[in-house]
Amino acid sequence: MKKIFLLSTLLLTMSITVMGAVKKTKLRVLYVGGHSNLETFATDYDKAENERSIKERTASFEQFLGEYFTTVKVVMADDYNYKMSYDYDVTVLDGQPKPLEQQQTVMDGQRFVKRIEAKYFPDDFDRPVITMAELGERVGRRLGLKTDWYCLCLDQWALGMRTSHPIFKGPYRVKMTLVDRPTPEGAKEFAPMVGETLPETTKMWRVNTKGYMTDNGFLIGMVSRPWGFEDSPEAEWISSGNCQKSIDAMALGRHGSFFHWGFAAAPMDMTDEAKPLLANAIVYISKFAGQHVIARKLSEGIATRIEAKESAYRVTRKCWEEYKTSIEQFNAQTKQLSDSLKAAKAAGKEIGRQMAMYLQWQPQPIPTADEWIRQQAGPLYEKFGNDEAAYAKYYEENTPYFYGSFNSYGLQLDEDAKSLGIPNNDKRLLDKAISLWESGQDAEKGRRLLERYTLLRYETAKQYRDWYNRYQNKLFFTESGGWLWMVNTQDKNVPGNDYSVLKYNELPEQKTPEISGTTNRDNPVLISGVVNDLPNGDKELVIRVKMHNGFHIYGFVSDQDPYIATTFDIQTEGNYQKVGDLQIPSFKNLGTTGTTIYEGDVMFRQRLKGSGKGKVTCTVNYQTCDEHACLPPRDVELSFDLK
């Protein structure tokens, strides 16, 4: 009887094991480790503990992947090269690899111009990859992935899930226990800016058993900007999560062959309900082998059309009142913290390096309503003042004609599109632009529009017409991808999808104005100029002034001195305008009155913004003197064509 009982128990145990086992999917999965379970970004952490956590996290992923997939290979990020991914069906990227090209910071003297991000994958990379937490941004920025760094603030819970998406359907069953939880405060604060009101509670699904809000020092997840995420056919928004940003901030999503899993926990700290979802995501992304990114978000700061709603809201008194309340609360809370730290330090307690900065804290000033609106409105304030209705009307009427740029923040109004009455996301605008060029009615306007909204740089209207006729049924408009009309195809050689024409990640050659001739006492000043293309897409007018030894021209002239200050009258034509003030070289003081002078060989720089054909003219008015006498003032005019 005892033997029968033991045999029955053994058979029951075996039955439970078989019934509980996961049927493995036939996939080759490469896991790239390097993350720990500790948050190391801009925080103090124990390096030895971090190393232990990396090993623990790596082992957790290896065990998890081994339960669901037939082949699993583990490498550390320092040993990974993108070519390894071609030997596997899916790569799970959980550590930051060594870059193929290092990050570059482009400077103009002491002035920051732009940052060219590190490169981890070639532009034509098309292997399926799961990126964990913030790695979607770190390795994807140079590629132009839409998985940008909106906020490193994602915690344990998913919300707003599209449960009809395939990853919720299989191959592994996903059970979802939804819980009513308080709607995130950040989401409630953002909602009025886009005309929305959120409920006090939101249904959420727990993905991780740990999170940075409840477990001090735990790894933080990342959400990406939702605006424009799905404005190209190769991108999918799947789920948001509990974070400090908008209610639809993207926590789960796909762009090309990359899947962003924004939640930070390893399988060891995931719920049993969520683990099958991660396995399903790996199976799902494997189906996109050979697919590449079409619309590239080369700048995370590019504006999308929703910013028109935000801008209209910012210039309201209601927005100012909300801002005022938030600053008052922040000041009160920070004062309380500062006072407590001062008391602790006075008592001889150690407060730590990070907390020490609060000892010097000063209350943040609060602008008046008028100051706030003036600041938010910018140049429009001179036109509309405090008239909220006028701002609302302006943004509503012009929303179809706004556009953004990789090279600047904010929206610009396209007067060309507005003059035609055709929104820029209506492909009739392309047809009309080509017609303007073909007919000669306004060829320049037509060409400006075509170069503004496509990646084509054809020399004839016929070339644009042939392209449009061939691809018009496959065209789509992307805002996050550069406010461009592109072709929906995985053909890498199709005209109109090549971002290299923008030279966004290239450093243009910077020319120095050449001086013809030699200075002497009879001709002590020579002036020349050149226009350079800047890496961010702007242009820069450079004026070079070379003076004979012993001679000078004037910068600022005190009212106590009789000299004539040097002036630069810069006029632009076409779709160009000056940006910022004239950048001046180093100068010397002349005496004690405050008058300044320039000597030797100096450069003056003026930034320009615009597109298409245009012209810039600079008239330099100056007076030359040496220590004995001054020459009569002179004018020199320089003119340059822009394109």
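- Residues W361 and L337 fail the side-chain proximity criterion, which asks for heavy atoms closer than 4.5 Å.
- Each ring-ring contact (aromatic ring centres under 6.0 Å, His included) pair with one or both residues in residues 115-154, not counting sequence neighbours, appears once here: F41-W149, Y86-F125, F121-F125, F121-F258, F125-F258, Y150-W227.
- The local environment of CG in D491 is crowded, with over 12 non-hydrogen atoms from other residues, nucleotides or ligands closer than 6.0 Å.
- Residues meeting the salt bridge (charged side-chain N to carboxylate O under 4.0 Å, His left out) test with R28, sequence neighbours left out: D89.
- Between atom OG1 of residue T304 and atom CG of residue L411 there is a gap of 7.5 Å, rounded to the nearest 0.5 Å.
- Applying the side-chain hydrogen bond (donor to acceptor under 3.5 Å, both in side chains) test between N424 and each of Y453, W485, Y403 identifies Y453 as the sole match.
- Interatomic distance, R452 CZ to T454 OG1, rounded to the nearest 0.5 Å: 11.5 Å.
- Of the inter-residue distances, the one linking R254 atom CZ with K146 atom NZ reads 10.5 Å to the nearest 0.5 angstrom.
- Under a 3.5 Å cut-off, the side chain of S338 and the backbone N or O of T334 do not form any donor-acceptor pair.
- Remark: L341 CG to Y358 OH distance equals 9.0 Å, nearest 0.5 Å.
- The environment of K287 atom NZ is sparse: at most 12 non-hydrogen atoms of other residues, nucleotides or ligands sit within 6.0 angstrom.
- When all heavy atoms of Y212 and L154 are compared, the closest pair comes out as CE2-O, 3.6 Å.
- Of all non-hydrogen atoms in I302 and W483, the two that sit nearest each other are CD1-CD1, 3.8 Å.
- A salt bridge does not link E49 to R52: none of the charged side-chain nitrogens sits closer than 4.0 Å to a carboxylate oxygen.
- Looking only at side-chain heavy atoms (C-beta outward), F229 and D248 stay at 4.5 Å or farther from each other.
- A donor-acceptor contact under 3.5 angstrom links the side chains of T478 and D231, judged on distance only.
- The environment of OH in Y45 is crowded: more than 12 heavy-atom neighbours from other residues, nucleotides or ligands sit within 6.0 Å.
- Among E137, E117, E101, the single residue meeting the salt bridge (Lys or Arg N to Asp or Glu O under 4.0 Å) criterion with R142 is E101.
- Considering every non-hydrogen atom in both A295 and M486, the closest pair reads CA-SD, 3.9 Å.
- The nearest pair of heavy atoms linking V542 to N532 is CG2-ND2, 4.0 Å.
- Within a 6.0 Å radius of NZ in K210, other residues, nucleotides and ligands contribute 12 heavy atoms or fewer.
- Using a 4.5 Å heavy-atom cutoff, the side chains of L277 and L252 are in contact.
- To the nearest 0.5 Å, atoms CG (N280) and CD1 (I285) are separated by 13.0 Å.
- In terms of modelled atom types and a separation under 3.5 Å, the side chain of N242 and the main chain of D155 share no donor-acceptor contact.
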* Start with the C-alpha gap between K503 and D533, add the side-chain angles, then the distance that decides, and say whether salt bridge (charged side-chain N to carboxylate O under 4.0 Å, His left out) holds. => CA-CA 10 Å; K503 302 184 184 302; D533 294 321; over 6 Å; no
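- Environment of CZ in R162: crowded, with over 12 heavy atoms of neighbouring residues, nucleotides or ligands closer than 6.0 Å.
- The closest donor-acceptor contact from the side chain of Q490 to the backbone of H292 lies under 3.5 Å.
- For the residue pair T147/S224, the side-chain donor-acceptor check at 3.5 Å is not satisfied.
- Side-chain atoms of S85 and Y80 form a donor-acceptor pair, as typed in the model, at a separation below 3.5 Å.
- Contacts classified as side-chain hydrogen bond (donor to acceptor under 3.5 Å, both in side chains) and involving residues 32-41 (residues at least two apart or in different chains) are given here: H35-D94, H35-E134, S36-N50, N37-R57.
- When all heavy atoms are compared, the tightest approach of Y88 to R127 is O-NH2, 2.6 Å.
- A search for ring-ring contact (aromatic ring centres under 6.0 Å, His included) contacts involving H165 returns Y284, not counting sequence neighbours.
- A pairwise comparison of heavy atoms in A187 and L198 identifies O-CD1, 3.5 Å as the closest pair.
- Taking the side chain as every heavy atom from C-beta outward, V129 and V90 never approach each other to under 4.5 Å.
- For residues 166-178, the pairs satisfying side-chain hydrogen bond (donor to acceptor under 3.5 Å, both in side chains) are T25-Y172, T177-E273, with sequence neighbours left out.
- Annotation for D124: atom CG counts as buried by contact number, over 12 foreign heavy atoms lying within 6.0 Å.
- A donor-acceptor contact shorter than 3.5 Å links the side chain of T209 to the backbone of D269.
- Side-chain contact between I116 and N505: present, with at least one pair of heavy atoms (C-beta onward) separated by less than 4.5 Å.
- Paired with E540 under the rule salt bridge (Lys or Arg N to Asp or Glu O under 4.0 Å), one option of R607, K511, R605 passes, and it is R605.
- The closest side-chain heavy-atom distance from R305 to N425 is below 4.5 Å.
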Checklist entry - When you look at D126 and Q291, which way does the side-chain contact (heavy atoms from CB on, under 4.5 Å) test go after all the steps? => result CA-CA 5 Å; D126 57 10; Q291 301 248 346; 5.7 Å; no
Throw together a table of side-chain donor-acceptor distances under 3.5 angstrom for residues 59-73, partners on residues two or more places apart or in other chains.
residue, atom, partner, partner atom, Å
S60, OG, M268, N, 2.8
T70, OG1, L27, N, 3.3
T70, OG1, L27, O, 3.4

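- Of the inter-residue distances, the one linking S480 atom OG with F406 atom CZ reads 8.0 Å to the nearest 0.5 angstrom.
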